[in-house]
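What follows is a single structure, written as structure tokens, with notes after it.
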Amino acid sequence: EVYLGDSVTGGFEQFGGVCLGPVQALAMDDSNIYAGDTTGALVTFDLSTGKFVDVFFSPATITALVMHDGDLLVSDDAANIRRIDPATGAVLSTMTGPFPVVAMAIDGDDLYVAGVIGKFGVWKGSAVTGDFAYFGCACSGPVAGLAVGATSVFAADTFGQVTEYALSN
């Protein structure tokens, strides 16, 4: 299920829902919100109404989602990053991450990824081809989330620490 919250009052109400496993990833475009879960389900909800639109299935646990040029980039626990047409669920291409990816963020055509225990750093690659290279060390715990700001990439770890990297790194 997906819940809609009020950032002022903190109140939450059910926004959209179907029977999903634990949701691990969210992404959105101008009209839909996409939820990926541990069973490999990729569910689409209408952004304005919260109503169920469609579901597609990945062959592995979905770990992170980002939008790129109208397509979804979907990472899994087997180090695959698939480009998926969000309208049809068709896999358009597959690239291999540098490790099983648990978090992704995107800035234009630059794709930032972070991995599981033992891979504490952030890697940068092309959102089209992959071609990943080491970007920076979190120097903390396993990265659980990534976000891109105007001048920086932020990595949050499972211990509550946030590390900032300059995009020009």
Side-chain angles (χ1 to χ4, degrees), residues 1-5 7 10 12-29 31-47 49-106 111-125 127 130 132 135 138 140-148 153-163:
E1 294 180 307
V2 177
Y3 287 82
L4 177 65
S7 62
F12 288 88
E13 61 185 57
Q14 185 176 357
F15 177 71
V18 294
C19 190
L20 290 170
V23 174
Q24 296 199 139
L26 293 171
M28 58 190 276
D29 59 22
S31 57
N32 295 305
I33 186 164
Y34 306 93
D37 78 4
T38 57
T39 69
L42 177 59
V43 181
T44 306
F45 300 99
D46 183 279
L47 190 55
T49 66
K51 292 186 186 231
F52 169 81
V53 175
D54 214 336
V55 63
F56 307 109
F57 290 93
S58 171
T61 294
I62 295 174
T63 58
L65 299 170
V66 295
M67 295 297 298
H68 180 257
D69 288 343
D71 297 327
L72 275 165
L73 298 182
V74 179
S75 65
D76 66 29
D77 57 358
N80 297 302
I81 301 171
R82 292 178 179 84
R83 178 174 295 274
I84 294 179
D85 180 332
T88 66
V91 175
L92 305 174
S93 63
T94 301
M95 57 185 145
T96 302
F99 39 71
V101 172
V102 297
M104 294 191 296
I106 196 152
L111 179 62
Y112 298 89
V113 299
V116 295
I117 293 174
K119 302 289 185 183
F120 297 148
V122 175
W123 291 54
K124 176 182 172 184
F132 291 96
F135 183 72
S140 57
V143 174
L146 292 173
V148 176
V153 175
F154 299 89
D157 72 19
T158 57
F159 303 123
Q161 179 174 311
V162 177
T163 303

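Each residue takes its place number in the sequence, starting with 1.
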Least distance between heavy atoms, Leu65 atom then Gly36 atom: CD1-N, 3.7 Å
Pairing residues for Thr94 by the side chain to side chain contact (heavy atoms under 4.5 Å, CB included) criterion, not counting sequence neighbours: Asn80, Arg82, Val91
Trace of the side chain to side chain contact (heavy atoms under 4.5 Å, CB included) decision for Asp29 with Tyr34: CA-CA 9 Å; Asp29 59 22; Tyr34 306 93; 2.7 Å; yes
Ala103 versus Gly145, closest heavy-atom pair with distance: CB-CA, 3.8 Å
Side chain to side chain contact (heavy atoms under 4.5 Å, CB included) between Leu111 and His68, intermediate numbers included: CA-CA 9 Å; Leu111 179 62; His68 180 257; over 6 Å; no
Considering all heavy atoms, the nearest Val143-Val102 contact: O-CG2, 3.1 Å
Side chain to side chain contact (heavy atoms under 4.5 Å, CB included) involving Ala105 - partner list, sequence neighbours excluded: Leu146, Val148
Ile106/Met104 under side chain to side chain contact (heavy atoms under 4.5 Å, CB included): CA gap, chis, key distance, verdict: CA-CA 7 Å; Ile106 196 152; Met104 294 191 296; over 6 Å; no
Under 3.5 Å donor-acceptor, Ser58 side chain and Gly40 backbone: no
Pro98 and Val113, any side-chain heavy atoms less than 4.5 Å apart: yes
Side-chain donor/acceptor of Thr158 to backbone N/O of Ala144, under 3.5 Å: no
Spacing of CZ belonging to Phe52 relative to CG belonging to Asp46, to within rounding of 0.5 Å: 12.0 Å
Asp71: side-chain hydrogen bond (donor to acceptor under 3.5 Å, both in side chains) partners, not counting sequence neighbours: Arg83
Heavy-atom pair of closest approach, residues Ile81 and Ser75: CG1-CB, 4.1 Å
Stepwise side chain to side chain contact (heavy atoms under 4.5 Å, CB included) test for Ile62 and Leu42: CA-CA 8 Å; Ile62 295 174; Leu42 177 59; 3.9 Å; yes
Minimal non-hydrogen separation, Ala41 against Val55, with atom names: CB-CG2, 4.2 Å
Heavy-atom closest contact (Asp54 atom, Ala87 atom, distance): OD2-O, 4.5 Å
